[in-house]
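Scope of the values below: all heavy atoms of this structure, side chains included, with no hydrogens, waters or symmetry mates.
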Amino acid sequence: MGAGSVVGFDLTSCNIALDLTPVVEGLISKRKRNPFWYVWDDKGSEIFEKIATTSATYTLWKREFTLLQRKCNEIASKTTSPTILVELGSGASSKTRLIIEAMLKQHGSLTFVPVDIAKDTITKVGKELEQNYPGLTVEPFGGLFMDGIRHLSSREENKMLLFLGSSFSNVCMYEQVDMMKEIRAQLTSRHLIRI
């Protein structure tokens, strides 16, 4: 089934704004879905952060935070300086702070590139992180995951790519394999990925 047609419905004959076509395709497909970039704007990031960090029933964030507390030094020890820490779907970077602290302890300085569709959120969080962590430089990239990876592909430094929480599952499962293939093509053996 080609782009623009879903179960015999031809979107090319409709007057739909090009940037909304993926939304409409997801809503009329047999398996309903919404593109992550449509849901995770600045307000979506704010709502999620509140739910993830305070809800008694949402345990994924708490479990992952606990795991990262135990493993952050080990993760940081796999890197050499200079390494760029890149997080896809970073939002408030609440769990990433553990990795940032461990990498700063290991190397003394660090460049962190949060990649998120919620540009205002990551810009604000980036400023807070720089104030809280001497030696940290934050270069927020507002946009889609792969746009952020492509943006960084020409940088010579080693990279550690983080895909924490459920960010990866926010990508439509039909696109996950292609995305991972492109990430692999953009990274070299000197780069690390942690999902």
Side-chain angles (χ1 to χ4, degrees), residues 1-7 9 11-12 16-45 47-49 51-52 58-65 67-68 71 75 78-79 83-96 98-99 112-119 121-122 125 140-155 158-195:
M1 186 169 8
S5 66
V6 177
V7 193
F9 187 84
L11 288 177
T12 58
I16 299 171
L18 186 60
D19 59 337
L20 290 180
T21 301
V23 175
V24 175
E25 284 178 341
L27 294 175
I28 64 175
S29 67
K30 185 175 181 179
R31 184 180 173 143
K32 307 294 185 233
R33 64 187 188 280
N34 244 335
F36 69 90
W37 49 261
Y38 188 72
V39 178
W40 297 110
D41 60 2
D42 291 303
K43 189 64 174 173
S45 290
I47 292 168
F48 176 76
E49 189 67 20
I51 291 169
Y58 186 83
T59 59
L60 177 63
W61 187 93
K62 292 172 186 79
R63 288 180 181 180
E64 189 171 35
F65 188 83
L67 178 65
L68 286 171
K71 297 292 186 176
I75 292 168
K78 306 289 185 201
T79 63
T83 294
I84 299 175
L85 179 64
V86 181
E87 184 181 11
L88 303 180
S90 57
S93 301
S94 52
K95 291 175 291 192
T96 316
L98 297 168
I99 305 293
F112 173 49
V113 180
V115 177
D116 202 294
I117 198 71
K119 185 171 184 171
T121 297
I122 60 172
V125 168
F141 183 89
L144 300 175
F145 296 156
M146 290 314 303
D147 293 336
I149 296 290
R150 288 182 206 109
H151 170 74
L152 292 167
S153 66
S154 63
R155 300 272 296 260
N158 294 330
K159 297 170 194 75
M160 175 179 278
L161 179 67
L162 298 177
F163 229 152
L164 300 178
S166 56
S167 293
F168 185 65
S169 65
N170 290 331
V171 177
C172 173
M173 65 185 230
Y174 305 114
E175 299 169 4
Q176 288 175 350
V177 171
D178 290 339
M179 186 175 94
M180 291 309 290
K181 285 179 182 176
E182 185 172 351
I183 287 173
R184 183 176 181 195
Q186 298 288 341
L187 300 179
T188 69
S189 60
R190 296 177 322 159
H191 304 134
L192 302 169
I193 184 168
R194 298 289 183 253
I195 298 177

One pair to check against side chain to side chain contact (heavy atoms under 4.5 Å, CB included): Phe141 and Asp147. What are the steps and the verdict? CA-CA 9 Å; Phe141 183 89; Asp147 293 336; 3.9 Å; yes
Minimum heavy-atom distance between Ile122 and Ser90, given as atom pair plus value: CG2-OG, 3.4 Å
Taking atom NZ as the centre, does Lys71 end up with more than 12 heavy-atom neighbours from other residues, nucleotides or ligands that are less than 6.0 angstrom away? no
Considering only heavy atoms from C-beta outward, does the side chain of Leu88 approach that of Ile149 to under 4.5 Å? yes
Do Ile183 and Leu161 make a side-chain contact, defined as non-hydrogen atoms from C-beta onward lying under 4.5 Å apart? yes
Would Val86 and Leu152 count as a side chain to side chain contact (heavy atoms under 4.5 Å, CB included) if you check the C-alpha gap in whole Å, the side-chain angles of each, and the deciding distance to 0.1 Å? CA-CA 9 Å; Val86 181; Leu152 292 167; 3.5 Å; yes
As an exercise, state the distance from CE of Met179 to CZ of Phe163, rounded to the nearest 0.5 Å. 3.5 Å
What are the two closest heavy atoms between Glu87 and Ser93, and how far apart are they? OE1-OG, 4.0 Å
Could you check if a side-chain atom of Thr96 sits within less than 4.5 angstrom of a side-chain atom of Leu164, using non-hydrogen atoms only? yes
Decide yes or no for Ile75 and Leu68: does some side-chain heavy atom of the first lie under 4.5 Å from some side-chain heavy atom of the second? yes
Is the shortest heavy-atom distance from the side chain of Leu162 to the side chain of Lys95 under 4.5 Å? no
Got a second to check how far Glu64's CD is from Leu98's CG, nearest 0.5 Å? 10.0 Å
Ile84 CD1 to Phe112 CZ distance, which is reported to the nearest 0.5 Å: 12.0 Å
With a cut-off of 6.0 Å (strictly less than), are more than 12 heavy atoms of other residues, nucleotides or ligands near CZ of Arg150? yes
Would you name the heavy atoms of Ser153 and Lys159 that are closest together and state the gap between them? O-NZ, 4.4 Å
